[in-house]
Amino acid sequence: MLLPDFTERGRAILPLIAAGANNQEIAQRLAISNQRVSNLILNIGGKSQVAGRAQTFVKAQKTGVGES
C-alpha cells in the first residue's frame, strides 16, 4: 500500500494528485500554501520511493488512490 506512514495532509493530497490537480488547485482546496504543497509532494515521493510529481501521480493512480 502507498499510504502507510503518510501524514493526514499527505493522504489528503494523493487523491488530488491522482485527479490531476496542480499545486495551486491543491493549495486552494486544502487552504495551505503552494510551498507547503510542494514540500508535501516531495515528502510523498521520498516515502513512496518515486522521483517527482509525475511518478507520484502514476503511482497514486496505479494504487487506486482517489477512486470512489
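Atom set for the values below is all heavy atoms of this structure, side chains included, hydrogens, waters and symmetry mates excluded.
One finds the OG atom of S33 at 7.5 Å from the CG atom of N39 (value rounded to the nearest 0.5 Å). The distance from atom CG of N23 to atom CD of Q35, rounded to the nearest 0.5 Å, is 9.5 Å.
Evaluation of the side-chain contact (heavy atoms from CB on, under 4.5 Å) rule for L30 yields R9, A12, I13, L16, I26, I32 as partners, not counting sequence neighbours.
Of the possible polar contacts, one joining the E25 side chain to the N22 backbone as a donor-acceptor pair under 3.5 Å is found.
Nearest heavy atoms, N34 versus A27: OD1-CB, 3.2 Å.
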